[in-house]
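Labels below follow one simple rule: chain letters A, B, ... track the order of the sequence lines, proteins then strands, and each chain is numbered from 1.
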Amino acid sequence: MEEIDTSVGKKRSFFRFWNQPKHAAYLFMAPSIIILLFFMVIPLIGTLGLSFFNINIFFTGTKFVGLDNFIQFFHDQRAINSMWHTVYFTLLETPTQVIVGTVAAAALSRTTLFNRFSRSVFYVPVICSLTTSGIIFSMLLDPNIGWIPYVLHQFGMNTPQFFRDATLAMPSIAVMTVWKNFGVTMTIMLTAIQAISPSLYESAEMDGANKKQQFFHVTIPQIIPSLGFCVMTNLIGSMQVFDQIYVTTAGGPEFKTESAVQYIYSRGFSAPYQLGYASAVATILFVIIAILSVSSNLYMSHKEKQMR
Amino acid sequence: MRHGLMKKLGVVAAIAAAGVSLAACGSSKSSSSSSSNKTTTITFWNGFTSTDGDVLKQIVKDYNKTNKDHVKVKMDIMTWDNFNQKLPTGITAKKAPDFVAMNYGDMASYVANGTMKDMGDFYKQSGVDKSNFETTARNLGVINGKTYFVPMQVQGMYLYWNKKLFKKAGLNPNNPPKTWAELATDAKKISKLGNNTQGFAMPKDGSAIMYNLLQDNGAKLLNGSEKKSALNSAATKKSFDYLQQLIYKDGVGPKNISGAEADNLMLAGSLGLYINGPWLNSGLKKNNIDYGISTLVQAKQGDKKAILDGVGFGIPTSTSDSKTKAIYSFVKYWNTTKIGKKWSLENKCAPYLKSVAANKDIKKDKLVSTMYKQIGYAKPYYPGNKNMSNITTNVINPSIEKVLAGSNTTSVMKSASKQVDSTLSGN
């Protein structure tokens, strides 16, 4: 009898413990934490561990090499180039997407039938996979069968080679990515813009501010936190660019569009299957992204404080 | 102990990293052996995604229905790219299929890492006639004196020409070029037809064409011991110059085109001359292209040089002995005259079994018999060299791209030679 009472008591105290909001919060977070742990934290630690070994994908001939893989990176021109291509892509894609998304959000912020329709249309590419978008753009821009080169040719223009041209390939991929993703930025900015108190615009109007001045002196300062969020997420996403390059150019022509992630992938998952070296490059990329993310976050926080 | 921990850590990281990209490729394996009906299910991966895949499916279906060894083959067909990405991770994660059909160029690195079984005893099975296999075909699967792969298909690179475009350009549609020089002359004439017509296409990933051209011109990729590059030679320069002149300077074909894109041009009827494997036949027939196929062009008339390539059956070391027996049953079925004939005729592939080659229907088929002629003198290219796949992907293909884009051929050759040396030394 005593034993039953103890068990019921234990159960009650268990539920009471997890019913408290500060404890229940952990339960709600648990699924995300478990997913993060297994798919982010453990692989991250595993990658760091592998980077100190000369190891192939079959785990044969494993040898501890210390920092050799990291040193090799600085002598590997193709690896360094792939980092530069990634930075180049990020510099093209991130600002363009944030600007296009913000401008589109500002233009469509009033709730009219046309604006609602336009928002839906602009969001459609987001739900397409990057692979599908890549294939569509590859066909559209193909110099032999593509519609866009055909139209340009009809206007008497030279047919650009787009994905096959060493200079045009990366900008073409960046444009495709902006087209594909700006709907997300637009939606975030739209929410931020719609949350701005109309009284601020009324005051600005009474002070004689025109639309352009209202945008730069009322809208922008008010959406700095969302802007910061978009810049940071786009930055991280751009530094990890892979799918669209894999589908459209596969890193060519002449490795001019090979991104860091693609290089890591080709080193680790195709001949010569150098998993250790690929892990070292992945670790370096991780550090670069971390530095960029923290810096951009600090800069945006500083800017936010300044605006207030 | 540390090695064990490292291995586990590595498996977790590799699988997690590969997981996202490979998740879309479907389940890796479903193999079971049911004791109640004594059926052994064996899983089989390969990359026959084209119309040849349909023929393969039919053969597997017939085998599953008719074999008396109680074996069921469960096949997973994927692109060769996917195959080469999934198999290494599958082997490491112990999720490899029971057997595979693999391109000969990729085999050596698997063997070097001890992931493939010795299949030498296959030829000792009752009902298997070792002497019925062409020796060159059988030797494709021999690495360091051991048989790791049994032939499934042999192939080479052949010359395709569009007869309609030949006629339009004033060329004899029944007289294809015999030498690389004649090919250049004919290609130039066809490219002048305009309307987006191309004379000849050299894909930027066309290493198979490049290796044939190098061999024809007397250039060598590796030295005798295969420990150093032999690329730095006048013959290599001559080969690079030839391609650059043809594509970059004379503009007889697109400058930056992949193999798949070049295939599409041929299939669309807007390419005059092309060099490719037998798999192009079915698409050309389907698209009603009036075309011809002949043995590969040579450096000079009368030469007989070509590279022999193919696909072979292999068994990962993780496969149990009982399943190996079941796999041998299927491989034996595959290497019968009936199946060999079906595969050759329906896919337009050269036979490698003497009994198939002697068959009257095979002899009657113009395309197949033309291709078989080449198999007679073709030789494998650095067979069993574990670095070939790496050299092809990371040195030769990028070099082709540079040559076609107009880079200085001497510097491309020197740089490629250095890279080959670096690959061979393991850096």
Side-chain angles (χ1 to χ4, degrees), chain A residues 38-40 42-62 64 72 75-76 78 129 131 138 142-145 153 161 163-166 169 242-243 246 249-256 264-276 278-279 282, chain B residues 2-3 5-22 24 81 84-86 88-89 91-92 105-106 109-110 112-115 196 198 204-205 254-258 261 264-265 268 270 386-394 397-398 401-402 404-405 407 423 426-427:
Chain A
F38 281 97
F39 292 99
M40 299 289 280
I42 293 176
L44 212 65
I45 296 167
T47 304
L48 184 65
L50 286 176
S51 63
F52 298 113
F53 287 83
N54 188 354
I55 184 171
N56 67 21
I57 202 162
F58 303 106
F59 297 115
T60 53
T62 306
F64 181 76
Q72 190 189 335
H75 294 99
D76 183 350
R78 194 170 143 193
S129 74
T131 312
S138 294
D142 187 288
N144 292 311
I145 57 160
H153 184 70
Q161 296 284 307
F163 291 133
R164 293 183 196 169
D165 184 303
F242 175 75
D243 311 40
Y246 190 77
T249 62
E254 295 174 59
F255 299 124
K256 289 280 168 33
I264 292 164
Y265 183 75
S266 68
R267 275 281 147 181
F269 293 97
S270 63
Y273 300 111
Q274 293 170 318
L275 211 56
S279 300
Chain B
R2 186 209 270 172
H3 180 73
L5 178 71
M6 196 54 232
K7 199 159 180 166
K8 278 177 191 161
L9 197 67
V11 171
V12 169
I15 304 314
V20 176
S21 57
L22 303 180
D81 270 354
N84 287 320
Q85 286 155 14
K86 278 184 81 175
T89 44
I91 288 171
T92 312
D106 299 322
S109 65
Y110 287 90
N113 285 296
T115 57
N196 237 354
Q198 310 287 344
K204 60 184 176 183
D205 47 2
K255 286 187 189 75
N256 194 336
I257 191 166
S258 68
E261 288 166 330
N264 286 338
L265 281 180
S270 51
K386 65 172 183 177
N387 292 304
M388 276 311 287
S389 176
N390 189 6
I391 290 172
T392 299
T393 314
N394 294 309
N397 283 341
E401 205 175 348
K402 282 181 193 157
L404 299 180
S407 301
T423 307
N427 291 324

*Which bit of B/T392 is near chain A, if near means a heavy-atom gap under 4.5 Å: side chain, backbone, both or neither?*
neither

*Locate the shortest heavy-atom distance separating B/T92 from A/F58; write the atom from each residue and the value.*
OG1-CA, 3.8 Å

*asked:* With rounding to the nearest 0.5 angstrom, report the CZ to CD1 distance, A/F59 to B/I91.
replied: 12.5 Å

*Could you look at B/T115 and say if it's the side chain, the backbone, both or neither that has a heavy atom under 4.5 Å from chain A?*
side chain

*Examine whether an atom of A/F163 lies under 4.5 Å from a heavy atom of chain B, and if so say whether it belongs to the side chain, the backbone or both; otherwise answer neither.*
neither

*Would you mind checking which part of B/N196 comes under 4.5 Å of any heavy atom in chain A, side chain (CB onward), backbone (N, CA, C, O), both or neither?*
side chain

_Interface residue of largest heavy-atom contact number with chain B, from A/Q161, A/M40, A/R78, under 4.5 Å_ = A/R78

*Is a side-chain donor or acceptor of B/E401 paired with a backbone partner of A/E254 at a separation under 3.5 angstrom?*
yes

*asked:* Between B/I391 and chain A, with a heavy-atom cut-off of 4.5 Å, which part of the residue counts as in contact: side chain, backbone, both or neither?
replied: neither

_Between B/Q85 and A/Y265, does the side chain to side chain contact (heavy atoms under 4.5 Å, CB included) criterion hold? Intermediate values first, please._
CA-CA 10 Å; B/Q85 286 155 14; A/Y265 183 75; 2.8 Å; yes

*With only heavy atoms counted, which part of A/N54 is less than 4.5 Å from chain B, the side chain, the backbone, both or neither?*
neither

*Which answer fits A/D76, side chain, backbone, both or neither, if we ask what part of it has an atom under 4.5 Å from a heavy atom of chain B?*
neither

_Can you tell me which of B/K386, B/K204, B/E261 forms the most heavy-atom pairs within a distance under 4.5 Å of chain A?_
B/E261

*asked:* Within the 4.5 Å heavy-atom criterion, are A/P272 and B/N394 side-chain neighbours or not?
replied: yes

